[in-house]
A.B. asks: 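My questions all concern the structure below.
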Amino acid sequence: MAQRKSKKTNSNKTDCSRTGMTLIDLNRCFNEHLFYTQGRLPLSATLNDHYMAAAYTVRDRLLHRWVCTVRDFIREGVKVVGYLSAEFLLGPHLGNNMINLDIFDEVREASENVGRNLDAMLDHEEEPGLGNGGLGRLAACYLDSLATLEIPAIGYGIRYEFGIFDQEIRDGWQVEKTDKWLRLGNPWEIPRPEVTYEVKFGGHTAGYCDDGGCYRSRWTPDRVVRGIAYDTPILGYKVNTCNMLRLWKAEAVESFDFASFNVGNYYGAVHEKVYSENISKVLYPNDEQIQGKQLRLEQQYFFVSCSLQDMIRLHLAIGKSLEYFHEEFAIQLNDTHPSVAVAELMRLLVDEHHMDWDTAWHVTRNVFGYTNHTLLPEALERWPLRLFANLLPRHLEIIFEINRRFLDEVRVIYPDDEARIARLSLIDEQGERYVRMANLACVGSRAINGVAKLHTELLKTTVLKDFYELWPEKFSNKTNGVTPRRWMVLSNPGLTRLIRSRIGGGWIKKLDRLKRLESYAGDDAFRREWQAVKTGNKQALAALILERTGISVNPDSMFDIQVKRIHEYKRQHLNVLHVVTLYNRLRRNPGLDMLPRTVIFGGKAAPSYYMAKLIIKLINSVADVVNHDPAVRNRLKVVFFPDFNVKSAQKIYPAADLSEQISTAGKEASGTGNMKFSMNGALTIGTLDGANVEIREEVGADNFFLFGLTAEEVARIKSEGYDPRSIYLSNPDLREAIDLIGSGFFSRGDPDLFKPLVDSLLYQDEYMLLADYQSYVDCQDRVSEAYRDRDRWTRMAILNVARMGKFSSDRAIREYCREIWRVSPNTVEMEDFGDLVR
Ligand code: 8GP
């Protein structure tokens, strides 16, 4: 490692020379990779060869920065953030890295020089879909912001061989296809076969006295798996900081095969290998719903153990003692999925590094932070004690010991409050016993946060109430944010160009500067240009919709879009009720002067979530009827966009006029799609839920279409006894819409198909669609009215964008850095290749 700083490249230059390269250099590198890496001559190169050559050319630039960043990790001894997440929903890398390196136009030119269109290459890239939805995508935005803010950080997760399934729609139903994202290779990752750790499972523990007479526990596992590191560079925007995402792949530990092999059990030996590799095989496709499968716990423990062992190795490598581990690392638990880390760090410190319990607990409690992402009771993780004991016997002992000490403390504060003690306990003892992962995360963390103001307040008064009362000082709110690099600059080049033309490009790193756009809201010429950008984006989406679904939509109609996971609490079916209501109006009055709308849905349903899949079928069935009814005359179109993912999201958000954020108040922790829509100039129709509340605060009540019950009202009505049927009976439009669905009108005369959905609305309506129906429809009528005045609408859209500064993930990460992690930026300076390797 070079210990000298020498010639620096200028990190502020915004042209190609920021990379220290001319266009000629880029062309040369591109051709060299085509030749030496892909083994192709330009004439015989395929699209994939060209893509790979472009990716490697860009990656080389990243690696130079990465090497310099790592040099600083070691040399400067800076505090590092370890972001533990079972999901990272990254999206394609090439375009994003080109933006962050600031060489987009140059690579476009270089690729055209070899006769390839850059867009075709960008399109060709298979995205790493290593996440389900909001939580995984947030982790990806946070990695981007950490690097952009020059914070030394490592993301740790699992290198799933198969990410989130690809969704196909057949006969209106969702069909899941395996996501073979690694099929053509992955130019962005660097395997580190020498960075491996062993992870133990099962077996038993036994007590013994160590040399110093201390009682200790020895764990003899019955299975050992090896984790191998695969690193992906994560570059910040126009900085030299290049952090890494380290994902673990599971492999068999060879020595374990020998026993079987020697007695001729070849099959047994190979079985062991297959069994071990299973751990990182596939992402569980459940969003906000636990499945309780042993393999899932194996995945969690596997990546947590590898990651902690890795951080400990890095810490020891710079010559520090483990007593100071929490001063060198801040580890964030992205929901409870990695929360077994609390027990694992204790095990590593006490059992493997022979630290005394109290010191180990001090380190542990000061290193972790825990972010909660959902209030839904079905998403609160707990593991049956028996399963946990079989898989992680030593961890269960440790959890019991943590619990014993913790409850002793609680008893001092709340003597005789047995009910409270039972609620706080790490073990749920009502009926079958469970380990409560949220309680473990709370007890083992220094800081606990929710992801929007309302969500944090609800955490304090509901699911984590007892912990809040015990340790109010641990709680804070960190409203989510999204990265404007991917979600504006990359996704919406037209808007970016327009904004740049008026206020320059400073907003890309300091999103608050978008405020300067406010004064252009009243400028006619600017508004016309704004509308032209939106129309262009809508035309592009219309073309994509035609290609993917065969449905032709009119870019002059209002694009009313709801894209997100399909879940009853997100209420896609409330949106459907509105569509059916509009359709009924047209049927009743064929001459109606109705604002033309294209209602677009997209999102995946968990494969085992029957109601969600039925909602997809309903959307497609309604679409089929409405789109083919000549009486509608193109005033209403319905589209289900298949396989919604990061890549298609980049084309969808910029084309939206209206953003549907219509969850039952109190159910959506934050939402981040709401932010992406608004940043791209869509207006929101939404409830006072999650971050909608803050978006409305920022953009102003006049520029937001609000409807529905508040979280408080929802809770009150529920507690008083909610009767959806009486609403159904008293509202003729609602009744007509529900009856039409129930009659079999949309299901080729089959009244049974949608009966489960209709019945659940009429007899339970857990998410109170019926209670919000009229308010929603009225609000939609106001939306249509507003859209007719295109100038007024555009003014509102401009103000939405201008006031979105708060929702940059840079702001969120700054808050985490200051209030939770206590880390500061480290400016990485470039050193020439020659000096670095000398
Ligand atoms: C989501 C929340 O539903 C969403 O409101 C929030 O914006 C996002 O997290 C980021 O904070 N929660 C999840 O995606 C979630 O709980 N997923 C886990 C089951 C995988």
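Heavy-atom basis, side chains included; hydrogens, waters and symmetry copies ignored.
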A.B. asks: Report yes or no: do Arg597 and Gln780 form a side-chain donor-acceptor pair below 3.5 Å?
C.D. replies: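 The answer is yes; a qualifying pair exists.
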A.B. asks: Under a 3.5 Å cutoff, is there a donor and acceptor pairing between the side chains of His455 and Asp689?
C.D. replies: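 Side chains of His455 and Asp689: no pair found under 3.5 Å.
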A.B. asks: Just by modelled atom types, is the Asn680 backbone N or O under 3.5 Å from a matching donor or acceptor in the Asn800 side chain?
C.D. replies: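 No.
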A.B. asks: Tell me whether Gln174 contacts the main-chain N or O of Ala605 through its side chain, where contact means a donor paired with an acceptor under 3.5 Å.
C.D. replies: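 Confirmed, Gln174 side chain pairs with Ala605 backbone.
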A.B. asks: Does one side chain, of Gln300 or Glu298, offer a donor that lies under 3.5 Å from an acceptor on the other?
C.D. replies: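 Not at all, the side chains of Gln300 and Glu298 share no donor-acceptor pair under 3.5 Å.
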A.B. asks: Tell me, yes or no, whether the heavy-atom count around Arg748 atom CZ, taken from other residues, nucleotides or ligands under 6.0 Å, exceeds 12.
C.D. replies: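 No, not enclosed.
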A.B. asks: Between Leu135 and Leu138, is any pair of side-chain heavy atoms under 4.5 Å apart?
C.D. replies: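 Not in contact.
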A.B. asks: Flag the pair Val646 / Leu90 as yes when at least one side-chain heavy-atom distance between them is below 4.5 Å, and no otherwise.
C.D. replies: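 A side-chain contact under 4.5 Å is absent here.
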A.B. asks: With no hydrogens and no angle check, just 3.5 Å: does a side-chain donor-acceptor pair link Ser747 and Ser621?
C.D. replies: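 No pair is found: no donor N or O on one side chain lies under 3.5 Å from an acceptor on the other.
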A.B. asks: With a 3.5 Å cut-off and no angle check, do the side chains of Ser648 and Asn645 form a donor-acceptor pair?
C.D. replies: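 Looking only at side-chain atoms, Asn645 and Ser648 do form a donor-acceptor pair, the distance falling under 3.5 Å.
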A.B. asks: Which residue is it: Val482, Ile695, Asn674? I am looking for the one with a side chain to side chain contact (heavy atoms under 4.5 Å, CB included) to Phe807.
C.D. replies: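 Per the side chain to side chain contact (heavy atoms under 4.5 Å, CB included) rule, the option paired with Phe807 is Ile695, out of Val482, Ile695, Asn674.
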A.B. asks: If we ignore angles and hydrogens, is there a donor and acceptor under 3.5 Å between the side chains of Asn537 and Asn492?
C.D. replies: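 On atom types as modelled, these side chains qualify, holding a pair under 3.5 Å.
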A.B. asks: What's the verdict on ring pair (Phe, Tyr, Trp, His ring centres under 6.0 Å) for Phe640 and Phe601, showing C-alpha distance, side-chain angles and the deciding distance?
C.D. replies: CA-CA 5 Å; Phe640 187 90; Phe601 295 85; 7.2 Å; no
A.B. asks: Are any side-chain N or O atoms of Ser557 and backbone N or O atoms of Pro596, one a donor and one an acceptor, separated by less than 3.5 Å?
C.D. replies: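 No, the answer is negative, given that no donor and acceptor are paired below the 3.5 Å cut-off.
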A.B. asks: When you measure from the centre of the six-membered ring of Tyr434, is the NZ or CZ of Arg436 closer than 6.0 Å and no more than 45° off the axis?
C.D. replies: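 No, cation not above the ring by the 6.0 Å, 45° rule.
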A.B. asks: With Leu757 as reference, evaluate Leu762, Ile615, Ile738 under the side chain to side chain contact (heavy atoms under 4.5 Å, CB included) test and give the passing residue.
C.D. replies: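 Between Leu757 and the candidates, side chain to side chain contact (heavy atoms under 4.5 Å, CB included) is satisfied uniquely by Ile615.
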A.B. asks: Surrounding CZ of Arg735 (heavy atoms of other residues, nucleotides or ligands, distance under 6.0 Å), is the total greater than 12?
C.D. replies: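 Yes, enclosed.
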A.B. asks: Taking Lys604 as the fixed residue, which of Asp643, Asp179, Asp287 is the one that meets the salt bridge (Lys or Arg N to Asp or Glu O under 4.0 Å) rule?
C.D. replies: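 Filter result, single survivor: Asp643.
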A.B. asks: Let me see the working for His567 and Tyr609 under ring pair (Phe, Tyr, Trp, His ring centres under 6.0 Å), right down to the final yes or no.
C.D. replies: CA-CA 9 Å; His567 201 295; Tyr609 187 176; 5.0 Å; yes
A.B. asks: Should the pair Phe707 and Tyr776 be assigned to parallel (<30°), tilted (30 to 60°) or perpendicular (>60°) ring geometry?
C.D. replies: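 The arrangement is tilted - the two ring planes meet at 30° to 60°.
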A.B. asks: Near Arg792 CZ, under 6.0 Å, is it more than 12 heavy atoms from other residues, nucleotides or ligands?
C.D. replies: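 Incorrect, the count does not exceed 12.
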A.B. asks: Determine the interplanar angle of the Tyr583 and Phe746 rings, folded into 0 to 90°, and report it as parallel if under 30°, tilted if 30 to 60°, perpendicular if over 60°.
C.D. replies: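 Rings of Tyr583 and Phe746: tilted, as their planes differ by 30° to 60°.
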A.B. asks: Report yes or no: is the cationic atom of Lys667 (NZ for Lys, CZ for Arg) closer than 6.0 Å to the six-membered ring centre of Tyr569, at no more than 45° off its axis?
C.D. replies: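 Because its charged atom misses either the 6.0 Å distance or the 45° angle limit, Lys667 does not stack over Tyr569.
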A.B. asks: Count the heavy atoms of every other residue, nucleotide or ligand shown that sit under 6.0 Å from NZ of Lys180, and state whether that count exceeds 12.
C.D. replies: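 Counting other residues, nucleotides and ligands, NZ of Lys180 stays at 12 neighbours or fewer.
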A.B. asks: Salt bridge or not for Arg788 and Asp593, using N-O below 4.0 Å?
C.D. replies: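 Salt bridge between Arg788 and Asp593, a charged N being under 4.0 Å from a carboxylate O: yes.
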A.B. asks: Is the shortest heavy-atom distance from the side chain of Ile616 to the side chain of Trp173 under 4.5 Å?
C.D. replies: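 With C-beta onward as the side chain, the pair stays apart.
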A.B. asks: Are the aromatic ring centres of His578 and Tyr773 under 6.0 angstrom apart?
C.D. replies: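 Not under 6.0 Å, so no.
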A.B. asks: Within a radius of less than 6.0 Å around CD of Glu720, do more than 12 heavy atoms belonging to other residues, nucleotides or ligands occur?
C.D. replies: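 Counting other residues, nucleotides and ligands, CD of Glu720 exceeds 12 neighbours.
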A.B. asks: Is the closest side-chain donor-acceptor distance between Thr672 and Asn480 under 3.5 Å?
C.D. replies: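 No, no side-chain donor-acceptor pair sits under 3.5 Å.
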A.B. asks: Please check if any side-chain donor atom of Gln531 sits under 3.5 Å from a side-chain acceptor atom of Arg790, or the reverse.
C.D. replies: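 Looking only at side-chain atoms, Arg790 and Gln531 do not form any donor-acceptor pair under 3.5 Å.
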A.B. asks: I want to check a possible cation-pi pair here: Arg587 against Phe745, using under 6.0 Å from ring centre and within 45° of the ring axis as the test.
C.D. replies: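 Yes, a cation-pi geometry.
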A.B. asks: Could you go through Lys647 and Glu126, starting from their C-alpha distance and side-chain angles, then the distance that decides it, and tell me whether this counts as salt bridge (Lys or Arg N to Asp or Glu O under 4.0 Å)?
C.D. replies: CA-CA 9 Å; Lys647 211 177 182 180; Glu126 193 71 62; over 6 Å; no
A.B. asks: Going by atom types only, do Gln661 and Gln562 share a side-chain donor-acceptor pair under 3.5 Å?
C.D. replies: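 No, because no side-chain N or O of Gln661 sits under 3.5 Å from a partner of the opposite role on Gln562.
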